[in-house]
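To start, the structure itself, in structure tokens.
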Amino acid sequence: MVEKRTPVPVGEAVHRLSTQNVSGKTELIPLEQSFGRILAEDIYASHDVPAFDRSPYDGFAVRAADTQNASQDEPVRFKVVGEIGAGSLFTGEVKPLQAVRIMTGAPIPAGCDAVVMLELTKEISRDEIEIKRAFPQGANISRQGEDTKKGTVLVRRGMTINPGAVALLATFGYRHVKVAVKPLIGILATGSELVDVDEPLTPGKIRNSNAYMLIAQIERAGGKAVYFGKLDDEFEACLKAVKQALTEVDFLVISGGVSVGDYDYVPAILQEIKASVLFNKVGMRPGSVTTAATVGEKLIFGLSGNPSACYVGFELFVRPMIRKALLADKLHLRKVQAVLGTDFPKPNPFMRFVRARLSHQAEKLVAAPSGKDKSGIVSSLGETDCFIVLPSGTRGYEKGMVVDVLLLEDDEGSEWPWNDIVRSYK
Ligand SMILES: Nc1nc2c(c(=O)[nH]1)N[C@H]1C(S)=C(S)[C@@H](COP(=O)(O)OP(=O)(O)OC[C@H]3O[C@@H](n4cnc5c(N)ncnc54)[C@H](O)[C@@H]3O)O[C@H]1N2
Ligand code: MOO
Ligand SMILES: [Mg+2]
């Protein structure tokens, strides 16, 4: 008798997973390797920026009061008493009608409270200049702390380090950065029909695309992939491989063999290793057979062998757990609203995740289905950068309807996208 499985709603399945204990670890890495990693501590400004009043222009530092009577007809003459470039200090005190030649980035000399750009001065001799207009106090001075004040939190823990964050880390002297350790995610591809990417196709065989797709998905989510190879559909060999893989990784993703077929061994393997199954059927298309289980602290995901179902199952269920291990505060795919780009006439007994591509058209965000939608399809995945979420119902959807969309190429995320999904029926 074929095992009867009870589908759980997508939100419930994600909830069962995301409430599991996953202990994230942190490590210190060199700043130049930190791009794309997740920050494990808040970054504070450890000093004012700029740390001193400085000149934003090449010019002359003067006392603003001395310029007050300057005009085209009656220019005021200044004696140039020194010259400083960025990185140098003028050590004296500037007296009335004196000026210091100053370059962009250099500290304002004591006594000065304005900078006059080179272009607005006239050189009379090597050490004399004329100024032909008045400058107010503070003119052309970048004030200490105007960029940021000491103690300000600039980047929060949980944020993905982008090039701007790298600039801040460097500004405040972070030679090493505390980041979340990438969780190690193992991949096992099952299927006697699989040949590897460099092998010729023979009758009845297909190339193993899921394993390589999963490596890329794991890396996009911020994890570290370990590919253990492909296995024929043989119970003992698969069991042994699963047991071994579990000793080496944080989570294990198995592709294929999760359904009810004669050679679908994942359910029996989970039973054999006494895993607690969190769910083995989800009310969704594609990927309804997606299975998740725990053994001790480890998570095992059984993703459909069908490429589109495997892809969707990964993004909805594995990705948030990778984000949890990475200490991210928003675990789930970011949800936004967009307009449906084409009709989608097929009614859905289950919530459907349509692989799609986003674009801006006439100031609207448009989500266009990438193409063929069956769960065994691989061709539409290349164009996919989001999922259109179509709740279950008896009617199809029409071009122009507002729909919820989950973004795949985003690292901000959503706290919980599963409430209030737009129903979309007219
Ligand atoms: N009687 C039933 N049959 C099926 C059901 C069901 O409920 N009752 N569910 C269907 C659904 S839905 C899906 S999805 C698939 C899930 O299949 P499995 O996870 O058991 O995967 P396999 O049987 O191993 O393979 C399915 C399909 O995918 C191809 N495949 C497998 N591995 C890879 C890979 N690494 N790269 C590319 N393609 C792969 C495989 O050749 C099959 O065509 O079950 C339905 N059946
Ligand atoms: O689980 Mo299947 O992917 O719904 O087609
Ligand atoms: Mg099968």
Side-chain angles (χ1 to χ4, degrees), residues 1-10 13 185-199 201-218 225 227-235 237-238 241-242 245 252-271 277 279-293 300-318 346-355 372-382 384 387 389-390 392:
M1 246 264 291
V2 173
E3 173 205 2
K4 176 108 180 70
R5 301 185 186 180
T6 313
V8 296
V10 179
I185 319 296
I187 301 166
L188 274 175
T190 70
S192 302
E193 72 278 34
L194 302 178
V195 297
D196 235 317
V197 52
D198 49 358
E199 292 177 301
L201 278 184
T202 50
K205 304 284 183 181
I206 62 162
R207 287 221 174 79
N208 167 18
S209 56
N210 288 353
Y212 297 95
M213 174 179 82
L214 286 166
I215 292 172
Q217 286 181 291
I218 289 166
Y227 175 39
F228 292 110
K230 63 180 177 61
L231 294 163
D232 286 341
D233 294 311
E234 287 165 14
F235 178 76
C238 289
V242 167
L252 179 62
V253 177
I254 307 170
S255 139
V258 285
S259 186
V260 295
D262 292 348
Y263 308 103
D264 291 337
Y265 290 125
V266 172
I269 290 171
L270 293 179
Q271 205 171 11
V277 175
F279 53 85
N280 61 11
K281 195 160 180 81
V282 186
M284 65 189 254
R285 277 279 188 276
S288 59
V289 296
T290 306
T291 296
I300 306 178
F301 297 90
L303 302 183
S304 164
N306 278 324
S308 281
C310 183
Y311 186 96
V312 172
F314 177 92
E315 296 296 338
L316 298 189
F317 303 111
V318 188
K346 209 154 58 174
N348 306 304
F350 284 146
M351 179 176 273
R352 185 177 287 278
F353 295 89
V354 181
R355 280 74 70 209
K372 296 173 183 151
D373 201 59
K374 285 184 184 158
S375 92
I377 295 291
V378 71
S379 58
S380 55
L381 292 176
T384 295
F387 297 148
V389 186
L390 300 180
S392 60

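Order of appearance sets the numbers: ligands from 1, and atoms from 1 within every ligand.
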Do L214 and S255 touch side chain to side chain, with heavy atoms closer than 4.5 Å?
yes
Using heavy-atom distances only, which candidate in T290, V258, N210 approaches atom 33 (C) of ligand 1 most closely?
N210
Of all protein heavy atoms, the one nearest atom 39 (C) of ligand 1 is G305 O, 3.1 Å
Among all the protein's non-hydrogen atoms, which is closest to atom 11 (C) of ligand 1, and how far away is it?
V289 CG1, 4.0 Å
Quick one: does G376 get a heavy atom under 4.0 Å from ligand 1?
no
Among all protein heavy atoms, pick out the one at the shortest distance from atom 2 (C) of ligand 1; state its residue, atom name and that distance to 0.1 Å.
V260 CG2, 3.6 Å
Side chains of R352 and K346: does their closest heavy-atom pair fall under 4.5 Å?
yes
Is any side-chain heavy atom of N348 closer than 4.5 Å to a side-chain heavy atom of R285?
no
Give a yes or no on this: more than 12 heavy atoms of other residues, nucleotides or ligands lie within 6.0 Å of atom NZ of K372.
no
Only heavy atoms of A309, strictly under 4.0 Å: list the atoms of ligand 2 that pass.
3 (O)
Relative to atom 3 (O) of ligand 2, which among P307, G313, G287, G305 owns the nearest non-hydrogen atom?
G287
For L194, take its heavy atoms, then give the atoms of ligand 1 lying under 4.0 Å from any of them.
32 (N), 33 (C), 34 (C), 35 (N)
Any N210 side-chain heavy atom under 4.5 Å of P307 side chain:
yes
For the student: nearest non-hydrogen atoms of K230 and N208, plus distance:
CB-ND2, 4.1 Å
For S255 and ligand 1, answer yes if some heavy atom of the residue is under 4.0 Å from a ligand atom, otherwise no.
yes
Between Y265 and T190, is any pair of side-chain heavy atoms under 4.5 Å apart?
no
If you count the atoms of ligand 1 from 1 in the order shown, which ones are under 4.0 Å from a heavy atom of G256?
19 (O), 21 (O), 24 (O)
Where is the nearest protein heavy atom to atom 35 (N) of ligand 1: which residue, which atom, and how far?
N208 OD1, 2.9 Å
Note: heavy atom closest to atom 38 (N) of ligand 1, options I206, V312, L214, T291, belongs to I206
Considering only protein heavy atoms, which is closest to atom 14 (S) of ligand 1, and at what distance to one decimal place?
S304 OG, 3.0 Å
min-distance protein heavy atom vs atom 41 (O) of ligand 1 -> E193 OE2, 2.6 Å
Polar contacts were defined as any N/O atom of the residue lying under 3.5 Å from an N/O atom of the ligand; does this apply to S259 and ligand 1?
yes
Would you indicate whether the side-chain heavy atoms of V312 and L316 approach each other to under 4.5 Å?
yes
Can you confirm, on distance only, whether ligand 1 has an N/O atom lying under 3.5 Å from any N/O atom belonging to R285?
no
Supply the atom-to-atom distance F314 CZ to I218 CD1, rounded to the nearest 0.5 angstrom.
5.0 Å
Rounded to the nearest 0.5 Å, how far apart are CD of E315 and CZ of R355?
12.0 Å
Ligand 1 atoms in contact with R207 (distance to a heavy atom under 4.0 Å):
36 (N), 37 (C)
Does a sphere of radius 6.0 Å around CD in Q271 hold more than 12 heavy atoms from other residues, nucleotides or ligands, not counting ones at 6.0 Å or beyond?
no
What is the nearest protein non-hydrogen atom to atom 13 (C) of ligand 1, stated with its residue, atom name and distance?
N306 ND2, 3.5 Å
Any idea which atoms of ligand 1 are less than 4.0 Å away from a heavy-atom of S288?
12 (S)
For the 3.5 Å polar cut-off, considering only N or O atoms, please tell me whether G287 and ligand 1 meet it.
no
Is it true that, when you exclude Y263 itself, more than 12 heavy atoms of the residues, nucleotides or ligands shown sit nearer than 6.0 Å to its OH?
no
Can you tell if the side chain of D373 reaches within under 4.5 Å of the side chain of S380, non-hydrogen atoms only?
no
Which protein non-hydrogen atom lies closest to atom 37 (C) of ligand 1, naming both residue and atom, and how far is it?
S209 OG, 3.3 Å
Closest to atom 1 (O) of ligand 2 among S288, S375, C310, S304 (heavy-atom distance):
S288
For ligand 1, find out whether one of its N or O atoms is nearer than 3.5 Å to an N or O atom of L303.
no
Which label fits F353 and F387: parallel for a plane angle under 30°, tilted from 30 to 60°, or perpendicular past 60°?
perpendicular
Can you tell me how far apart OG1 (T291) and CG (D264) are? Round to the nearest 0.5 Å.
10.0 Å
Working to the nearest 0.5 Å, report the span between CZ of F301 and CD1 of I254.
11.0 Å
If you measure from each heavy atom of T190 to ligand 1, is any distance below 4.0 Å?
yes
Could you list which atoms of ligand 1 come closer than 4.0 Å to a heavy atom of D264?
20 (O), 23 (O)
Could you say whether the N/O atoms of P286 and ligand 2 ever approach to under 3.5 Å?
no
Side chains of V10 and F350 in contact at under 4.5 Å (non-hydrogen atoms):
no
Report yes if G257 has an N/O atom closer than 3.5 Å to an N/O atom of ligand 1; otherwise report no.
yes
Show the atoms of ligand 2 that are less than 4.0 angstrom away from any heavy atom in V289.
1 (O)
I'd like to know whether ligand 1 has K230 as a neighbour, heavy-atom separation below 4.0 Å.
no
